[in-house]
*Asks:* 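My questions all concern the structure below.
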Amino acid sequence: MDLKPGYFFDLSDPASAQIFKDADWPWSPLQYLDRLVREMTGETQTLEGRVHPGASLGNAPIFIAEGAEIEPDAHIIGPAFIGPKAVVRHGAYVRENVIMLAGSLLGHASEAKNSIFLPGAHAPHFNYVGDSILGAGANLGAGTKLSNLAINSQKDPKTGKRPTIRLFFEGQEIDTGLAKLGAVLGDGVQTGCNSVLNPGCIVGPRTLIYANLSLRKGVHPADSVIKLRQRTSVIPRR
């Protein structure tokens with residue numbers, strides 16, 4: 001296992017390759033995501049796809065590609081790029097700096113902010129996707145939350161800045177350069193319902209994460225099953 005973007009993502013897709021062309025780490029595009037979104041939207045609003053009556057758009061640059069669909073009562077603040085055949089479902093909330101590539105999906109009562117969905121990535125039901133990257137074909141189970149800010153993160157009283165998130169990998173400490181970092185999920189990662197991925201979870205491709213599990217910060221291997229073990233007991237009702 002390594003931490004090259006090509007280990008986590010299929011970069012033969014031209015749109016994905018463009019996002020990672022300047023990336024040293026799999027989370028690198030989050031460091032310059034505002035620039036990527038400006039380039040991809042052309043800093044204007046272009047509405048080629050279907051925006052249903054009742055959906056609402058902010059005044060920021062938003063590109064909605066042909067074949068994309070924005071369902072009623074969805075709201076997009078922007079800046080945002082919504083690619084071909086991507087879907088933002090009823091009641092979904094797209095905040096600032098979101099890229100959804102072809103065939104990706106943000107579902108009912110789900111929120112995305114400062115995040116990238118690679119082709120076919122789905123966050124379909126009651127999900128929070130903050131400062132994260134979902135690989136191609138990744139799928140979040142209902143209620144999965146990608147937490148992006150450590151609970152003990154405090155701003156420096158002099159600078160007003162929060163400390164950056166640091167990871168340990170093969171005995172080396174790596175500074176991500178990001179004060180907020182949710183999860184980076186490789187291609188084909190799946191999470192079970194109501195799982196929580198704590199800030200700074202880097203998950204290798206095709207790994208499965210059990211329902212209700214709280215995954216700790218760190219680098220997690222590819223092609224694995226991360227299980228939750230718990231004991232239950234059944235007693236007579238009195």
Side-chain angles (χ1 to χ4, degrees), residues 1 3 8 25-34 75 77 91-99 106-117 121-135 138-186 189-204 207-221 224-232:
M1 182 175 186
L3 288 180
F8 289 82
W25 307 102
W27 57 82
S28 292
L30 298 175
Q31 297 172 331
Y32 47 84
L33 184 53
D34 55 345
H75 180 56
I77 292 179
Y93 185 28
V94 178
R95 290 173 56 192
E96 304 85 0
N97 293 323
V98 172
I99 295 172
L106 184 70
H108 174 69
S110 297
E111 176 182 345
K113 168 254 181 190
N114 214 66
S115 292
I116 298 170
F117 291 59
H122 287 184
H125 312 286
F126 305 99
N127 302 122
Y128 177 70
V129 182
D131 298 87
S132 296
I133 300 176
L134 306 187
N139 186 79
L140 304 186
T144 292
K145 306 295 187 290
L146 306 184
S147 178
N148 62 343
L149 181 64
I151 196 169
N152 60 352
S153 176
Q154 296 185 355
K155 293 181 179 179
D156 184 285
K158 293 182 179 179
T159 65
K161 295 182 178 180
R162 298 182 187 275
T164 54
I165 292 176
R166 296 170 180 267
L167 303 172
F168 288 90
F169 179 69
E170 296 183 347
Q172 178 185 4
E173 184 181 51
I174 302 170
D175 186 348
T176 66
L178 297 164
K180 291 185 178 182
L181 173 59
V184 175
L185 306 184
V189 168
Q190 297 183 50
T191 70
C193 295
N194 292 323
S195 55
V196 175
L197 278 63
N198 288 283
C201 282
I202 313 299
V203 183
T207 283
L208 308 180
I209 298 167
Y210 265 30
N212 296 312
L213 191 149
S214 178
L215 189 63
R216 297 182 63 179
K217 175 181 78 172
V219 180
H220 302 275
S224 301
V225 179
I226 303 177
K227 295 187 175 185
L228 172 69
R229 296 298 194 193
Q230 61 182 14
R231 297 181 62 185
T232 62

*Asks:* Can you tell me how far CD1 of Ile116 sits from CG of Leu134, rounded to the nearest 0.5 angstrom?
*Replies:* 9.5 Å

*Asks:* Would you say that His125 contacts His108 through its side chain, given a criterion of any heavy-atom pair below 4.5 Å between the two side chains?
*Replies:* no

*Asks:* Are there over 12 heavy-atom neighbours, none belonging to Gln154, within less than 6.0 Å of that residue's CD?
*Replies:* no

*Asks:* Between Ala121 and Gly135, which heavy-atom pair has the shortest distance, and what is it?
*Replies:* CB-O, 3.4 Å

*Asks:* Give a yes or no on whether the backbone of Tyr210 and the side-chain of Ser195 come within a donor-acceptor separation of less than 3.5 Å.
*Replies:* no

*Asks:* Can you measure from CG (Asn148) to CG (Leu197) and round to the nearest 0.5 angstrom?
*Replies:* 12.0 Å

*Asks:* Restricting to non-hydrogen atoms, name the atom on Ala92 and the atom on Gly107 that form the minimum distance, rounded to 0.1 Å.
*Replies:* CB-O, 3.4 Å

*Asks:* Is there a side-chain contact between Asn139 and Pro124 (heavy atoms, below 4.5 Å)?
*Replies:* yes

*Asks:* Start with the C-alpha distance between Ser214 and Asn198, add both sets of side-chain angles, then the distance that settles side-chain hydrogen bond (donor to acceptor under 3.5 Å, both in side chains), and finish with yes or no.
*Replies:* CA-CA 7 Å; Ser214 178; Asn198 288 283; 3.0 Å; yes

*Asks:* Looking at Ile133 and Pro29, what are the two nearest heavy atoms and their distance?
*Replies:* CD1-CD, 4.3 Å

*Asks:* For Ala123 versus Ser110, what's the shortest heavy-atom pair and its separation?
*Replies:* O-OG, 3.5 Å

*Asks:* Let me know which of Val196, Thr191, Leu140 forms a side chain to side chain contact (heavy atoms under 4.5 Å, CB included) with Leu146.
*Replies:* Leu140

*Asks:* When rounded to the nearest 0.5 angstrom, what distance separates CZ in Arg229 from CG in Leu213?
*Replies:* 11.0 Å

*Asks:* If we only count heavy atoms from C-beta on, is the Ile165 to Trp27 side-chain gap below 4.5 Å?
*Replies:* no

*Asks:* Going from NZ on Lys145 to OH on Tyr128, what distance comes out if it is rounded to the nearest 0.5 angstrom?
*Replies:* 11.0 Å

*Asks:* For the side chain to side chain contact (heavy atoms under 4.5 Å, CB included) test, which of Asp131, Ile99, Leu181 pairs with Asn114?
*Replies:* Asp131

*Asks:* Would you say the side-chain atoms of Ser115 pair up with the backbone N or O of Val129, donor to acceptor, closer than 3.5 Å?
*Replies:* yes

*Asks:* Output the distance between atom CD (Gln31) and atom OG1 (Thr164), rounded to the nearest 0.5 Å.
*Replies:* 10.0 Å

*Asks:* Given side chains that start at C-beta, do those of Lys217 and Leu167 come closer than 4.5 Å, heavy atoms only?
*Replies:* yes

*Asks:* For a 4.5 angstrom cut-off between non-hydrogen side-chain atoms, does Ile174 reach Trp25?
*Replies:* yes

*Asks:* Report yes if some heavy atom in the side chain of Phe169 is under 4.5 Å from a heavy atom in the side chain of Ile202; otherwise report no.
*Replies:* no

*Asks:* What is the distance from atom CD1 of Ile209 to atom SG of Cys201, rounded to the nearest 0.5 Å?
*Replies:* 7.0 Å

*Asks:* Under a 4.5 Å cut-off applied to non-hydrogen side-chain atoms, are Phe8 and Leu185 in contact?
*Replies:* no

*Asks:* Going by heavy atoms in the side chains, are Leu215 and His220 under 4.5 Å from each other?
*Replies:* yes

*Asks:* Parallel, tilted or perpendicular: which one describes the rings of Tyr93 and His75, with boundaries at 30° and 60°?
*Replies:* parallel

*Asks:* Write down the atom of Val184, the atom of Pro26, and the distance for their closest heavy-atom approach.
*Replies:* CG1-CB, 3.9 Å

